[in-house]
Amino acid sequence: MGGFIESESEYNQNYNWYRDDSPAGLMSTTLVIRIPAEKFDTFMSSLEDLGQIMQKNSSAQNITKTYNDNETTIQVLNAEKERLADMMDKAETIQDMIAIEQRLSEVETQLNQANTTKSGMDMDIEYSTITVTVEEVSALSDIENPKDSFGSRIARAFGRSWTGFISFLQNFLLFLIRALPFLILLALLIFITVKIIRHRRKVQKNKNTSV
């Protein structure tokens with residue numbers, strides 16, 4: 001639509017990425033877009049065809065007074081700049097030239113700032129600023145019929161419970177694999193302890209039999 005992306009940021013929502021059993025993180029992107037003002041409504045309407053709109057806010061700011069005040073400031077500074085240039089040509093002493101040059105430098109600095117402000121406001125008038133946040137979802141679902149039947153809700157609940165059960169089994173298996181060295185060491189210690197106890201009992205039994 002003749003616009004451009006002013007800035008873009010991407011985020012990975014998985015803060016446990018360092019864990020082996022951590023699922024892949026969902027991505028989100030925030031875009032600051034500048035769209036020609038006359039195409040603002042068309043652009044906003046087109047977003048509904050790209051996904052589910054979760055939240056939408058819009059606002060407008062009246063900068064007419066600020067813009068006019070800045071225009072007046074530019075005109076006053078330009079007029080003063082011309083007068084200072086004439087005074088510089090007519091200056092007779094070095095002190096007057098230094099004073100005029102100092103003021104002329106201040107006027108030029110203020111004039112540059114005012115022109116920069118004008119350029120920014122011109123951009124805001126010509127282009128609307130739109131911030132769009134796009135979030136990835138783990139699975140797509142039918143959003144056209146939110147009032148589904150009781151049977152479909154039961155089926156969806158069963159599917160979620162089965163998915164949770166599979167996830168539990170996977171996590172339990174990963175736990176066993178990680179704990180396997182410790183389990184082997186524990187089993188070995190138990191085996192050695194049992195052997196020692198049995199040996200002592202056997203020795204004690206032989207002593208009692210000899211007596």
Side-chain angles (χ1 to χ4, degrees), residues 1-19 22-140 143-144:
M1 297 188 180
F4 60 92
I5 297 177
E6 190 172 71
S7 64
E8 179 179 1
S9 301
E10 290 187 358
Y11 305 92
N12 188 325
Q13 302 178 38
N14 180 17
Y15 295 99
N16 296 319
W17 55 267
Y18 52 87
R19 295 175 50 182
S22 177
L26 299 178
M27 298 296 296
S28 65
T29 299
T30 299
L31 305 169
V32 178
I33 304 172
R34 304 302 295 266
I35 296 294
E38 66 274 11
K39 295 183 179 180
F40 173 79
D41 293 333
T42 303
F43 179 83
M44 296 298 291
S45 298
S46 68
L47 294 178
E48 298 178 358
D49 299 330
L50 303 179
Q52 175 68 15
I53 303 296
M54 304 304 298
Q55 183 179 4
K56 181 169 63 175
N57 300 306
S58 63
S59 62
Q61 182 180 4
N62 189 349
I63 63 172
T64 302
K65 184 179 184 303
T66 303
Y67 191 91
N68 291 335
D69 290 345
N70 191 71
E71 281 289 311
T72 301
T73 299
I74 291 176
Q75 294 175 5
V76 171
L77 290 173
N78 279 324
E80 184 177 0
K81 181 179 178 181
E82 292 178 0
R83 290 197 303 269
L84 290 172
D86 292 338
M87 293 173 61
M88 179 66 73
D89 293 336
K90 299 176 182 179
E92 297 180 354
T93 65
I94 294 182
Q95 289 79 5
D96 291 341
M97 295 177 64
I98 292 176
I100 295 172
E101 182 67 28
Q102 181 177 359
R103 178 53 188 166
L104 184 59
S105 177
E106 294 174 355
V107 169
E108 288 180 343
T109 299
Q110 295 174 9
L111 187 59
N112 289 335
Q113 293 174 348
N115 284 324
T116 300
T117 301
K118 180 180 183 300
S119 298
M121 287 190 290
D122 287 340
M123 174 67 75
D124 291 337
I125 293 172
E126 185 177 358
Y127 288 88
S128 298
T129 302
I130 303 174
T131 302
V132 180
T133 298
V134 183
E135 295 187 354
E136 184 184 18
V137 295
S138 57
L140 294 177
I143 60 176
E144 296 181 357

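One is the number of the first residue; the rest follow in order along the sequence.
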Interatomic distance, Glu82 atom CD to Leu77 atom CG [nearest 0.5 angstrom] = 11.5 Å
Could you tell me whether the side chain of Tyr67 reaches within less than 4.5 Å of the side chain of Asp122, counting heavy atoms only?
-> yes
Using modelled atom types only, decide if a donor and an acceptor are shared between the side chain of Asp96 and the backbone of Ala91 within a distance under 3.5 Å.
-> no
Does Lys118 reach the side chain of Ile74, with side-chain heavy atoms less than 4.5 Å apart?
-> yes
Could you check if a side-chain atom of Ile33 sits within less than 4.5 angstrom of a side-chain atom of Glu6, using non-hydrogen atoms only?
-> no
Might you work through the side chain to side chain contact (heavy atoms under 4.5 Å, CB included) test for Phe43 and Ile130, ending with a clear yes or no?
-> CA-CA 10 Å; Phe43 179 83; Ile130 303 174; 3.4 Å; yes
Apply side chain to side chain donor-acceptor pair (under 3.5 Å) to the pair Arg34 and Thr129, showing each step before the final yes or no.
-> CA-CA 5 Å; Arg34 304 302 295 266; Thr129 302; 3.0 Å; yes
Which distance, rounded to the nearest 0.5 Å, do you find between the OG of Ser128 and the CE of Met44?
-> 9.5 Å
Residues, nucleotides or ligands: over 12 heavy atoms within 6.0 Å of Ile94 CD1 = no
Non-hydrogen side-chain atoms of Glu48 and Lys56 separated by less than 4.5 Å = yes
Separation of Gln52 CD from Leu47 CG (nearest 0.5 Å) = 12.5 Å
Asn68 side chain to Thr64 backbone, donor-acceptor under 3.5 Å | yes
Greater than 12 external heavy atoms within 6.0 Å of Met87's CE = no
Report yes if some heavy atom in the side chain of Arg103 is under 4.5 Å from a heavy atom in the side chain of Glu80; otherwise report no.
-> yes
Between OG on residue Ser46 and CE on residue Met1, distance to nearest 0.5 Å | 4.0 Å
Pairwise distance OG(Ser7) to CG(Leu31) - rounded to 0.5 angstrom = 8.0 Å
Are any of the side-chain nitrogens in Asp86 or Lys90 under 4.0 Å away from the carboxylate oxygens of its partner?
-> no
Report the distance from atom CD of Glu106 to atom CD of Glu101, rounding to the nearest 0.5 Å.
-> 11.0 Å
Evaluate the side-chain proximity of Thr93 to Met97: yes if any heavy-atom separation is below 4.5 Å, no if none is.
-> no
Should we count CE of Met27 as having more than 12 external heavy atoms under 6.0 Å?
-> yes
Under 3.5 Å, is there a donor-acceptor pair between the side chain of Asn112 and the main chain of Glu108?
-> yes
Are the side chain of Ser45 and the backbone N or O of Asp41 linked by a donor-acceptor pair below 3.5 Å?
-> yes
